[in-house]
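Quick notes on the structure that follows.
Atoms within each ligand, like the ligands themselves, are counted from 1 in listed order. Predicted, not measured: the structure shown is a model, and the values here were computed from it.
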Amino acid sequence: MYRIGIGYDIHKKSSKRKLILGGILISNKNGLVGHSDADIVIHTICDSILGALNKGDIGEHFSNKNPKYRNAKSSIFLKKIKKIMEKNNFSIVNIDMTIICEKPKLTKFKSKIKKNISKILDIKQNNVSVKATTSEGLGEIGNDNAIACKTVVLLRNEEN
Ligand code: ZN
């Protein structure tokens, strides 16, 4: 059996925060505001997997009220969700994501993000697609006040 899931996330930018996307340090400034490291790429992957499993969303599993997760590396969340997925006998067929970001240009970081995500999830790089686009100067993302990400995942059940 196959199941599909979607994840969407947007965070505000702050000059005081590091920008971390897909577990990769992109910049020491102009990062994203959030309780954890605000890694929207990993947050959307978590939500897409949880959606495919019909197991709620990332906020239900890792509350932003919990002091334990303050400035936490989001890869911790993804590793825990991978365990939930495996407990339910599912594995990842492929992941496809689009990061919507005005600045900086992410071209040179896409392969690093792909490599890191495939390592965390223990899947082939060929099954992780990382795309980036801008908002063409439109809206909050276009004005460089926020970065968003959309992710789709396909899971396969090992039993049937
Ligand atoms: Zn988030």
Under 3.5 Å side-chain donor-acceptor pair for Lys131 and Thr98: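 Side-chain D/A pair, Lys131 to Thr98: present.
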
Taking just the N, O or S atoms of [X], which one is nearest to the Zn ion (ligand 1)?
X     : result
Asp9  : OD2
His11 : NE2
His43 : ND1

- request: Provide the closest heavy-atom pair for Lys73 versus Asp37 in the form atom of the first, atom of the second, distance.
  value: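 Closest approach of Lys73 to Asp37: CA-OD2, 3.4 Å.
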
- prompt: Parallel, tilted or perpendicular: which describes the rings of Phe77 and His43, with under 30° parallel and over 60° perpendicular?
  reply: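 It falls in the tilted class, 30° to 60°.
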
query: Is a donor on one side and an acceptor on the other found under 3.5 Å between the side chain of Asp39 and the backbone of Gly23?
result: yes

